[in-house]
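Notes follow once the structure below has been shown.
Chain naming here is simple, since letters A, B, ... match the order of the sequence lines and numbering starts at 1 in each.
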Amino acid sequence: METFHFRAMSTDILLAAQGNPSLIGEGFERAQQFIQASERRFTRFSEASELSELNRSAGRPFLASPDFFSVVSLAQRFFHQTRGLFDPSILPDLQRVGYDRSIDLLRQQGTVPMFEAMLASERQSFSEMELDEVRSMILLPLGMALDLGGIAKGWIAEQTGIILSNFSSACAVNAGGDMFLIGLPDGEEHWSVGLEDPLQPEKDLTTLKIYPGAIASSSVTKRTWKQGEIQRHHLIDPRTGEPAITEWLSITVIALHTYEAEVFAKALLIGGPKECEDIARTSGTQLSYLAVDHERKIWGTEKSLEYVYVH
Amino acid sequence: MKITTKLSHYWFVIVSVLSFLVGWGMLAHSLKPIPVSQAATLNIVSLSTLPPIQVFNAGSWNGSGLNYVAPSIRSNTGSPILRSGGS
């Protein structure tokens, strides 16, 4: 199996594919081009991105590209399915707690200053955003701004996998832990995926056996920085407007779609055990997830146990 | 009048004595009750010892539907190294 590593979307990307090496080389090139083009479209850190353009046009209709409209539509659907725990309109809160530049820049800087207005302000509900599917128009309420970071990353990983599968019989795309897997490697009955230790990322806590489909994780230990003396992370609890206080360090979801796994991993981590049960019951999605607690013990739903590798 | 009264007295005495003797005889020949200590022994059902509450809860997260997952690392896999943990 051939592999190709590069960095995009402020994370490590791994492409893996099996088949004719020259075809795969072309597949890697196309996949990389797609990821880079998508990053330019969905990033909030460039004034020229389609997302920044949408945020600037709040209060008036915005004509979106088909890909962009697809992701915003998915975001609206998952906002309802997670009962508001996944909410891309938390961008003002994310910026207020210091995440106003790429995570690479934040890490270089180490500490960002506190702002004067440190309390979360009232904001409109994401449910007030209007979508016109026929004309591909988006109407953000005045004052609303979106961050499509996680869901866009999941969507890009999945689309990249589909592109790569045109050049390969079995392939995998791993965008910083958000994975889409197509086919199976020769001689294997499943893909082996290491579940990272949130406190020692160079080590795995266990190995998972994943069948073609998707897996994604969300963690409160990865995208972190200091604002003044306060330790911050990137998972904003929409109910408080502050970085979520979670009972777990990370959640890993196994699902059909990467964007779905990514969104639910975030929502379940923010919501905690009680919300997990409610969301699993009402979302209409059969959720398989594994949670890592503060003692680094792994907990899983009954269904998720079938994904845990056993010697 | 006196004869009637005397006859009724005899009648009551005889009936009372006969009733007492019949009752005595019935009780004497009925099944004997099982002694209390013996009855208690027969009714005991042997129950297995229940685990203490802490042990019972150790397999699930705060009594929720989540189960403890024992770590298991696979080495020497032929497929590429894929790892998930958030970004």
Could you tell me which portion of [X] (side chain, backbone, both or neither) has an atom closer than 4.5 angstrom to a non-hydrogen atom of chain B?
{"X": "A:Leu205", "value": "backbone"}
{"X": "A:Val193", "value": "both"}
{"X": "A:Leu184", "value": "neither"}
{"X": "A:Pro198", "value": "neither"}
{"X": "A:Leu181", "value": "side chain"}
{"X": "A:Lys153", "value": "side chain"}
{"X": "A:Thr11", "value": "side chain"}

The criterion is ring pair (Phe, Tyr, Trp, His ring centres under 6.0 Å); which residues satisfy it with A:Phe42, sequence neighbours excluded?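 Result, ring pair (Phe, Tyr, Trp, His ring centres under 6.0 Å) vs A:Phe42: A:Phe68, A:Trp155.
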
Is the shortest side-chain heavy-atom distance between B:Leu66 and A:Trp248 below 4.5 Å?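 With C-beta onward as the side chain, the pair touches.
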
Taking the side chain as everything from C-beta on, heavy atoms only, tell me whether A:Trp191 gets closer than 4.5 Å to B:Leu82. yes

Between [options], which has the largest tally of heavy atom pairs under 4.5 Å with chain B?
{"options": "A:Lys297, A:Met179, A:His234", "result": "A:Met179"}
{"options": "A:Gly150, A:Ala170, A:Gly176", "result": "A:Gly176"}
{"options": "A:Asp204, A:Asp178, A:Leu195", "result": "A:Asp204"}

Given 3.5 Å as the limit, does a donor-acceptor pair link the side chain of A:Thr206 with the main chain of B:Pro71, or not?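 Not a single qualifying donor-acceptor pair exists.
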
Could you tell me whether the side chain of A:Asn174 and the main chain of B:Arg83 form a donor-acceptor pair under 3.5 Å?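 A pair under 3.5 Å: yes.
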
Does atom [atom1] of [X] have more than 12 heavy-atom neighbours, drawn from other residues, nucleotides or ligands, at distances under 6.0 Å?
{"X": "A:Glu302", "atom1": "CD", "value": "no"}
{"X": "A:Ile245", "atom1": "CD1", "value": "no"}
{"X": "A:Gln231", "atom1": "CD", "value": "yes"}

Counting a contact as any heavy-atom pair under 4.5 Å apart, which residues of residues 211-221 of chain A contact chain B? A:Ile215, A:Ala216, A:Ser217, A:Ser218, A:Ser219

At their closest point, which heavy atom of B:Gly85 faces which heavy atom of A:Glu196, and how far apart are they? CA-CB, 3.8 Å

For B:Asn67 and A:Leu305, which heavy atoms make the closest approach, and how far apart are they?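 Shortest heavy-atom contact: ND2-CD1, 4.0 Å.
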
What's the spacing between A:Leu290 CG and B:Ser84 OG if we round to 0.5 Å?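 Reported to 0.5 Å precision, the distance equals 10.0 Å.
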
